Amino acid sequence: MSATLDAAAPVKLVGQPLKRREDPRLITGAGAFLDDVRLPGLCHLGVVRSPYGHARILGIDTTRAAAMPGVLGVFTGDDFLDLNPLPCAWQAGKVQNNVNTPRVLAVGEVHHVGDPVAVVVAETPSQAVDAAEAIDVEYEELPVVVDARRATEPGAPQLHENAPNNVVLRWSCGKEAAEVDAALAAAEVRIDQPIVNQRLLPTPMDTRGSIGRYDPGTGEYTLWATSQAPHVMRLLIAAFVMGVPEQNIRVIAPDVGGGFGQKIFLYFDMPLVLALSKKLGGRPVKFYEDRSENYLSATHGRDHLTDVAIGATRDGQITALKVDTHANLGGYLSTIAPGIPTTLYARMIAGCYKIPNIRVDVTGVYTNTAMVDAYRGAGRPEAAFVIERVCDLVADATGLDPAEVRRRNFIQPSDFPYDTGIGMLPYDSGNYEPTLDRALELVGYDDLKAEQAARRARGDRKLLGIGLSSYVEVCGVAPSKWIGLPGEGWGAGLWESANVKVHLTGKVVVTTGTLPHGQGHETTFAQLVADELGVPYDDIQVRHSDTLGTPFGFGSYGSRSLSVGGTAIYKSVAKVREKAKRLAAHMLEAAPEDIVWEDGKAHVRGAPASLKTLGEIALQASVAYDLPEGMEPYLDETTYYDPPNCTFPFGTHVCVVEIDRETGAVEPVRYVAVDDVGNVVNPLIVDGQIHGGIAQGLAQALYEAAVYSDDGELVTGTLNDYAIPKASMVPTYELDRTVTPSPTNPMGVKGAGEAGTIASTPAVANAVIDAVSHLGVRHLDMPLTPERVWRAMRDAERSDPGVAAAAD
Amino acid sequence: MFPNQFAYHRPSTLEEAVGLLAADPDAKVLAGGHSLLPAMKLRLAAPGALVDLASIEGLRGISADGAVTIGAMTTYNQLVDSDELRARLPVVAEVAAGVGDPQVRSLGTLGGSLAHNDPAADFTALMLALGADVTAVGSQGERTIPADEFFLDILTTALGPDEILTAVRIPVPAGRVGMAYQKHEHPASGYAVVGIAAVLALGDDGTCRSARVAVTGCAPTATRAAAAEAALVGQALTPETIAAAAQAAPGGLEITGDLYASAEYRSHLVTVVGRRVLEQAAARARG
Ligand SMILES: Cc1cc2nc3c(=O)[nH]c(=O)nc-3n(C[C@H](O)[C@H](O)[C@H](O)COP(=O)(O)OP(=O)(O)OC[C@H]3O[C@@H](n4cnc5c(N)ncnc54)[C@H](O)[C@@H]3O)c2cc1C
């Protein structure tokens with residue numbers, strides 16, 4: 001921790017598990033989510049969506065709909081040709097020549113089921129939906145492809161003229177293929193394994209929506225949107241889609257009930273409701289998805305088809321890793337889609353391990369499916385799944401314990417900052433082995449292994465499986481000079497800003513460009529400021545989520561709010577403190593260098609009774625009639641902070657499962673997580689983030705899969721078919737931490753929002769595969785449904801009835 | 001999300017309700033609404049009118065003479081909380097406790113579940129296994145329909161368009177009887193992928209005097225597993241005879257597959273869940 005955080009003070013709030021100050025409001029129903037926003041004259045949008053995966057629009061007849069009760073207008077894509085297609089902001093992997101992004105409404109062709117084709121604006125939501133059903137669209141069906149590998153094969157249906165073979169990008173990192181091939185050929189142990197990372201539906205409880213209002217008097221627009229990045233939305237809508245001055249748009253994110261990445265992006269409805277409000281003379285227009293719409297047309301996550309080739313020594317050293325991934329990006333490119341399977345996936349493929357020869361090839365592909373973009377973890381879960389499966393495959397092939405394989409390949413503490421050689425910035429700090437040791441100790445690894453063997457020997461009905469996952473991930477992605485670089489990054493920075501103001505009453509207002517959608521920023525940031533400024537926690541207000549009144553920020557995602565946004569606050573506080581000290585020196589008639597700041601008070605060194613409180617100083621700064629020569633009034637400081645590097649949290653998770661030998665049903669019975677997210681401001685909030693993350697990642701391993709039929713229908717289109725985790729489906733989590741501060745920022749923090757999701761999927765999958773490994777099972781694709789596990793056991797036993805006995 | 005427009009009636013007598021249904025072929029009964037309203041919101045159902053049974057007296061409650069009679073509008077929670085059931089037919093309370101979630105159990109009704117006849121509903125199989133009778137009132141008067149004749153096909157029962165299910169009458173068998181229900185749940189919906197109800201009665205000599213076994217979740221409608229029943233009657237209930245009956249259970253069932261579980265896997269589950277539920281019922285019968 002930094003010196004200031006460690007400075008002696010009666011009660012430090014940083015490190016304390018304070019309950020979230022936003023919770024009383026949120027859990028008593030006093031929050032205000034998008035669907036709670038009430039505006040006079042509000043009218044509602046009904047959306048007509050394509051029932052086909054791929055089709056030409058031959059005609060749209062709106063006459064019946066236009067005559068329906070309550071209908072204020074019916075619109076098609078042709079009405080919005082003056083609006084540009086939505087921008088693809090992160091054009092990684094040289095995709096410039098084949099970018100295809102959605103328009104606010106489809107024009108000419110539709111590319112996935114759920115693609116918006118026409119809209120009705122009506123007085124009530126049900127009138128809008130009724131009228132939308134009365135719009136007759138004539139389509140000519142076109143051939144459909146939903147599988148990323150199939151889409152690139154000769155003869156596959158073609159989605160976009162500028163993307164032959166549906167290829168968005170062909171991109172690689174690491175060494176030359178020939179060099180890695182040679183290392184593979186020379187390896188003592190060689191393993192090849194196809195690995196599928198299935199498509200997921202992010203499923204925030206609060207679906208997506210927006211309300212647009214145009215003010216005919218001022219020509220200004222206001223957008224309320226379920227967004228993780230209101231400033232970026234304003235920029236993209238103003239500068240890229242509508243061509244209106246940025247200052248004429250105000251974006252407000254109300255309370256947002258979960259995002260998981262899905263709400264980072266610009267969607268059709270955001271510019272559309274603004275344009276519609278203008279067409280309707282300023283009546284506010286609202287769009288709010290129902291669950292089916294969210295599933296059909298908000299972004300999905302993951303969906304990788306990967307081939308892995310592994311070279312290792314007989315004693316478990318991984319010597320070569322060649323990875324070839326087809327990333328399904330959907331029917332169009334979403335806002336940052338190309339950056340996920342490239343920068344955030346391929347460049348993290350080494351995980352926690354020193355691997356001398358790595359090559360990753362990525363093919364990004366268009367298919368007739370909903371767009372795929374960042375979903376909690378964004379690329380790192382896919383990478384962790386590959387490398388953590390690799391470790392277990394090496395263990396299996398060498399006969400070593402999976403823990404031992406990890407140990408033998410770990411990057412060592414003395415190696416940091418560590419460059420993996422595949423284009424990621426150097427890992428900032430790390431000490432991986434203690435997390436493995438602690439996790440194994442907590443779970444009782446040796447006893448569990450013995451229990452597993454005993455159950456196998458006895459032929460118990462419940463098999464036991466123990467799965468490990470040691471992960472490292474990348475958060476707080478920066479600096480701008482790296483992530484902004486065209487071709488690598490998204491042509492813009494990823495800094496953050498914050499303002500800290502002390503009112504003349506001594507109350508503190510913090511404004512930040514980051515914003516919460518469940519993470520408790522108001523609490524964490526107030527704890528931080530309370531310690532740094534020495535003011536009471538309750539005197540600090542944290543404001544966010546409105547482009548009017550907050551400084552520009554890139555938003556909350558990639559576990560960046562604390563390490564980037566929090567650092568901007570930290571630095572602003574330091575500036576306020578410095579100015580307060582200078583003013584105090586003036587007030588106490590001392591030299592500024594003799595002023596000591598302690599516990600919210602300035603006193604003269606050696607004379608603690610000669611002091612001024614922050615309140616007194618703030619009052620003096622505000623009334624301003626007696627300031628030092630040249631000092632501006634008010635305590636009010638802003639910082640724009642661009643970190644020198646990313647942060648790299650890490651840890652080890654262990655999952656224990658029981659498998660019903662007869663049905664194949666998997667029950668996760670224990671879950672131990674030892675995470676290192678650097679210094680921790682609020683351990684309760686960090687634990688909550690880890691809990692939710694584990695549930696989401698565990699659900700990918702066991703329950704969730706978004707499935708398209710061959711003709712482009714989303715088969716898992718409701719919560720009746722798509723299995724998100726319920727409390728009864730996850731075990732009690734046993735958490736612990738190690739603390740390795742990040743040298744990247746003065747608070748030494750890393751990030752905790754995605755770690756749980758990244759770590760848990762491979763831990764759970766490895767546990768299930770471990771449970772049936774004695775039957776000869778080496779790998780299984782997710783989700784590990786009872787039927788899939790049952791088949792694996794049955795097929796293994798059929799192919800070699802003696803294998804069960806021999807393996808023990 | 002938003003249902004089509006519909007009219008709403010809340011009659012206070014059964015006659016009035018039957019009259020409304022008879023007059024409007026487009027009208028539908030509303031009970032707990034936990035199957036009907038989701039279907040309407042997804043626009044899979046679009047009745048022109050709803051006839052809500054909530055204000056009709058006498059449709060709610062549990063009474064017992066020789067048999068137990070349960071009013072159609074009795075909610076799952078009322079079944080869970082009933083001392084009468086706990087004493088005489090505890091399996092009914094057990095199954096009710098495993099339906100859906102707290103919201104579903106506080107509003108969903110036994111009558112609604114049976115009238116709806118979802119292919120994966122729990123109580124359809126249980127009523128078949130218990131040999132219940134369904135009472136229905138329509139413009140032609142009242143009639144009693146044995147459960148065996150009630151569930152016809154997917155979402156289809158023997159009820160006529162203007163008939164209202166008013167009650168279910170469940171015999172309380174005497175002697176050494178064991179009843180049990182087990183299901184393998186779908187991780188998304190919580191409905192049965194396979195659910196099996198078994199009612200086994202032992203004779204004085206300890207052999208199986210009668211067996212009623214019914215399966216839900218794998219065919220268009222819940223069905224008796226006749227082959228399993230035949231394999232049990234007259235047998236001593238040993239692990240071997242029970243395993244053999246379970247192995248026979250899929251025979252004669254019209255088992256279908258879906259994205260989550262293939263027909264082959266469901267058929268396998270019928271044998272596994274079947275054996276487990278028969279073991280449980282047999283153990284209960286032995287006392
Ligand atoms: C989230 C969720 C989970 C669920 N999980 C389960 C589960 O695990 N197991 C399970 O078995 N069920 C489950 N259900 C269904 C639930 O049990 C329903 O409540 C039940 O199927 C229908 O009962 P209802 O009273 O809600 O009927 P309603 O929805 O009101 O009616 C259903 C149908 O029956 C007709 N009807 C209703 N009552 C009568 C009557 N007295 N006479 C004639 N016709 C009538 C209606 O017209 C309608 O067609 C679940 C439902 C939900 C929403």
Side-chain angles (χ1 to χ4, degrees), chain A residues 35 44 46-47 68-69 122 124-130 132-133 201 203 207 288-294 461 660-666 699 702-709 713-729 783-791 794, chain B residues 1-6 34-35 38-44 46 97-98 100-104 118-120 182-196 217-218 239 243 246-247 255 257-277 279:
Chain A
D35 210 27
H44 301 267
V47 182
M68 303 261 298
T124 72
S126 52
Q127 285 171 336
V129 174
D130 282 342
E133 276 197 350
L201 304 172
T203 318
T207 53
Y288 189 60
E289 289 171 338
D290 63 25
R291 180 61 57 194
S292 308
E293 288 182 293
N294 179 263
R461 209 185 82 192
D660 184 326
R661 230 178 169 309
E662 292 181 305
T663 62
V666 177
L702 298 183
Y703 309 121
E704 297 187 24
V707 179
Y708 278 92
S709 66
E713 199 77 47
L714 179 64
V715 187
T716 51
T718 73
L719 281 166
N720 244 345
D721 315 292
Y722 187 82
I724 59 167
K726 286 79 170 178
S728 62
M729 292 154 75
L784 295 155
T785 61
E787 175 161 6
R788 196 165 262 168
V789 176
W790 170 73
R791 279 186 189 283
R794 191 195 54 173
Chain B
M1 189 60 173
F2 298 102
N4 293 79
Q5 298 272 323
F6 58 87
H34 270 58
S35 288
M40 288 169 65
K41 286 181 173 185
L42 289 169
R43 301 205 161 187
L44 298 172
D101 50 43
Q103 291 93 322
V104 174
D118 188 288
Q182 291 188 20
K183 63 173 162 178
H184 182 99
E185 284 182 21
H186 190 288
S189 69
Y191 275 89
V193 175
V194 164
I196 304 183
C218 33
Q247 215 53 43
I255 297 179
D258 58 22
L259 179 69
Y260 183 71
S262 68
E264 185 192 9
Y265 179 64
R266 272 203 166 80
S267 183
H268 169 71
L269 277 185
V270 169
T271 67
V272 176
V273 177
R275 200 194 69 238
R276 292 177 185 176
V277 75
E279 291 281 9

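Just so you know, these numbers come straight off a predicted model, no measurement behind them. Numbers restart at 1 for each chain; the letters A, B, ... are given by sequence-line order, proteins then strands.
Contacts of Y703(A) with chain B are made by side-chain atoms alone, with heavy-atom separations under 4.5 Å and no backbone atom involved. If you measure heavy-atom distances from R794(A) to chain B, the contacts under 4.5 Å come from the side chain alone. At a 4.5 Å heavy-atom cutoff, P783(A) makes no contact with chain B through either its backbone or its side chain. Heavy atoms closer than 4.5 Å to chain A are found in the side chain of R43(B), but not in its backbone. Heavy-atom distances place no part of T271(B) under 4.5 Å from chain A, backbone and side chain included.
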Stepwise, does the side chain to side chain contact (heavy atoms under 4.5 Å, CB included) test hold for D660(A) with H184(B)? CA-CA 12 Å; D660(A) 184 326; H184(B) 182 99; over 6 Å; no
Would K726(A) and D101(B) count as a side chain to side chain contact (heavy atoms under 4.5 Å, CB included) if you check the C-alpha gap in whole Å, the side-chain angles of each, and the deciding distance to 0.1 Å? CA-CA 11 Å; K726(A) 286 79 170 178; D101(B) 50 43; over 6 Å; no
L259(B)/D721(A) under side chain to side chain contact (heavy atoms under 4.5 Å, CB included): CA gap, chis, key distance, verdict: CA-CA 9 Å; L259(B) 179 69; D721(A) 315 292; 5.8 Å; no
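Contact of the E787(A) side chain with the V193(B) side chain is not registered, since no non-hydrogen atoms from C-beta on lie closer than 4.5 Å. The shortest side-chain heavy-atom distance between R661(A) and V272(B) does not fall under the 4.5 Å cut-off. Inter-residue side-chain proximity for S728(A) and E185(B) is flagged as unmet; no heavy-atom pair is nearer than 4.5 Å. Taking the side chain as every heavy atom from C-beta outward, K41(B) and D290(A) never approach each other to under 4.5 Å. Between R791(A) and E264(B) there is a side-chain heavy-atom pair separated by less than 4.5 Å.
Partners of Y708(A) under the side-chain hydrogen bond (donor to acceptor under 3.5 Å, both in side chains) rule, at least two apart in sequence or in another chain, do not exist in this structure. Under the ring-ring contact (aromatic ring centres under 6.0 Å, His included) criterion, F2(B) pairs with no residue, sequence neighbours left out.
Judged by distance alone, the side chain of H186(B) and the main-chain N or O of A723(A) form no donor-acceptor pair under 3.5 Å.
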